[in-house]
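Numbers here simply count residues along the sequence, with the first being 1.
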Amino acid sequence: MNPAPRPVMSQPRQVVRAVLNEALESKLGGEVVVKSTTVSGRIFVVERKVAWTVLTGPGSRSFSTALIDARLVSREDVEQVMAECRKSGGNFCETLVAWGLVPRDTLRDLLCQHLGAQLEALFGLTEAQALFVPQPRSYSSQLTFDLAELGADAAPPQPAISQSQSPTSPPVLLEREVMANVKQALEEAMKIDGAFAVCLADANSGMTLGSVGGSSAFNIEAAAAGNTEVMRAKMKTMKALGIKDRIEDMLITLGEQYHIIRPLAAREGLFLYIALHRSNANLAMARFRMADVEKAIQL
């Protein structure tokens, strides 16, 4: 029997802090997903430090915009660095330093300010829901921060209480429960005829929350990161055309492969990405099975 979700006793504005504490205590690291009525965000944790944050909603600003506003780089510089990172799988900040565009100390100071401001914005959300999604991953940068460095010390972990004592407290799923659910869903996807790689990815950051399959010749995580641009471009086009609808799935047909991108209806910004060999794949059945896989994922 799977363990029940563990509620956290906390005031609305303490929910994100409590869940971030959970992530920072984890040996695996992963992502804290935050959602409110107006703003959503993600906090990436690597080796018990904050590596990156993504904030979407009114007034949000990306780190690349902060760099441009500080006149450290041009928009063209940013576009070239991002293109290189998509191609090589390199880290955005480390590439800026390697190319001599921004001194490391200057970049670290600005990144620290930026991440700190985004954390404070997430900590200040009312009626927010937060969930820790464990995901071990390599991170090709030493530009990570303790909460003390970011000026956003997390509150002490709150004691767990029963569901009956706090029916309105958002639950924090146990690491093993979330990981088992995602892994089971992805392994089920790999049973689809022709499948050789599948992952669950974040369209905002390009980072994967879980992956199965792939090889040295086909890096599923790099492929998912590259296809976030496909997702963004399609959503931008739909917005420009005034199409108020959701993307069910997207198909990319290659000479020898099918790639299917399927956004999660229940979790904005996340998508399933599967690669199949055309020679032994049934496209109609693959799309049907991927719909079932999407429904099986619980975050």
Side-chain angles (χ1 to χ4, degrees), residues 5-67 69-70 93 107-135 137 139 141 143-161 165-175 178 202-205 207 209 267-270 299:
R6 182 171 68 245
V8 171
M9 181 175 64
S10 58
Q11 297 300 316
R13 292 196 178 195
Q14 295 177 334
V15 170
V16 179
R17 289 178 180 268
V19 179
L20 180 55
N21 271 316
E22 175 102 358
L24 292 170
E25 291 171 0
S26 167
K27 294 180 180 179
L28 292 176
E31 175 184 357
V32 174
V33 182
V34 182
K35 188 79 173 179
S36 75
T37 56
T38 57
V39 175
S40 61
R42 289 178 169 83
I43 307 168
F44 299 96
V45 175
V46 177
E47 296 181 352
R48 297 179 174 174
K49 291 187 177 182
V50 175
W52 196 257
T53 63
V54 177
L55 189 65
T56 57
S60 61
R61 188 175 69 149
S62 67
F63 184 57
S64 59
T65 300
L67 289 167
D69 290 348
C93 291
L107 183 67
R108 184 177 181 84
D109 289 344
L110 185 61
L111 181 59
C112 184
Q113 295 173 21
H114 178 76
L115 298 184
Q118 291 204 316
L119 283 182
E120 286 299 335
L122 291 173
F123 288 165
L125 293 175
T126 57
E127 300 181 359
Q129 293 181 319
L131 175 70
F132 173 42
V133 182
Q135 174 62 41
R137 58 165 59 90
Y139 191 71
S141 175
L143 292 169
T144 56
F145 304 87
D146 293 321
L147 286 179
E149 293 180 86
L150 299 174
D153 292 309
Q158 301 292 331
I161 60 172
Q165 288 175 297
S166 182
T168 60
S169 297
V172 178
L173 297 182
L174 295 174
E175 288 183 22
V178 175
D202 170 24
N204 294 309
S205 68
M207 301 179 78
L209 307 183
R267 181 70 69 178
E268 182 179 354
L270 299 186
L299 296 176

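Between Gly151 and Glu120, the closest heavy-atom pair is O-OE2, 3.4 Å. For Ala130 against Val16, the heavy-atom pair with the smallest separation is CB-CA, 4.3 Å. In this structure, Val15 and Ala128 approach most closely via the heavy-atom pair CG1-O, 3.9 Å. For the pair Gly29 and Phe132, the tightest heavy-atom approach, listed with the atom from each and the gap, is O-CZ, 3.6 Å. When every heavy atom of Ala51 is checked against every heavy atom of Leu115, the shortest pair comes out as O-CD1, 4.2 Å. Scanning both residues, Ala121 and Leu55, for their nearest heavy atoms gives CB-CD2, 4.0 Å.
Residues satisfying the side-chain contact (heavy atoms from CB on, under 4.5 Å) criterion with Ser141, sequence neighbours excluded, are Asn91, Glu94, Tyr139, Leu143. The side-chain hydrogen bond (donor to acceptor under 3.5 Å, both in side chains) search around Ser64 returns Ser62, not counting sequence neighbours.
Residue Phe145 holds its CZ atom at 10.5 Å from OG1 of Thr53, rounded to the nearest 0.5 Å. Put simply, CG on Asp146 and CG on Leu24 are 8.5 Å apart, with the number rounded to the nearest 0.5 Å. Interatomic distance, CG of Leu119 versus NE2 of His114, reported as 10.0 Å (0.5 Å rounding).
A perpendicular orientation is assigned to the rings of Trp52 and Phe63, their planes being inclined by more than 60° (bins at 30° and 60°).
Residues Leu122 and Leu125 meet the side-chain proximity criterion, which asks for heavy atoms closer than 4.5 Å. Contact of the Leu147 side chain with the Leu20 side chain is registered, since non-hydrogen atoms from C-beta on lie closer than 4.5 Å. The shortest distance between side-chain heavy atoms of Cys112 and Leu150 falls below 4.5 Å. Counting heavy atoms from C-beta outward, Leu131 and Arg267 have side chains that approach closer than 4.5 Å. Looking at heavy atoms from C-beta onward, Ser26 lies out of side-chain contact with Val45 at the 4.5 angstrom threshold.
Applying the salt bridge (Lys or Arg N to Asp or Glu O under 4.0 Å) test to pairs two or more places apart or on separate chains, those with a residue in residues 36-62 are Glu31-Arg42, Arg42-Asp202, Arg61-Asp69.
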Q. Stepwise, does the side-chain contact (heavy atoms from CB on, under 4.5 Å) test hold for Leu67 with Leu107?
A. CA-CA 9 Å; Leu67 289 167; Leu107 183 67; 3.9 Å; yes
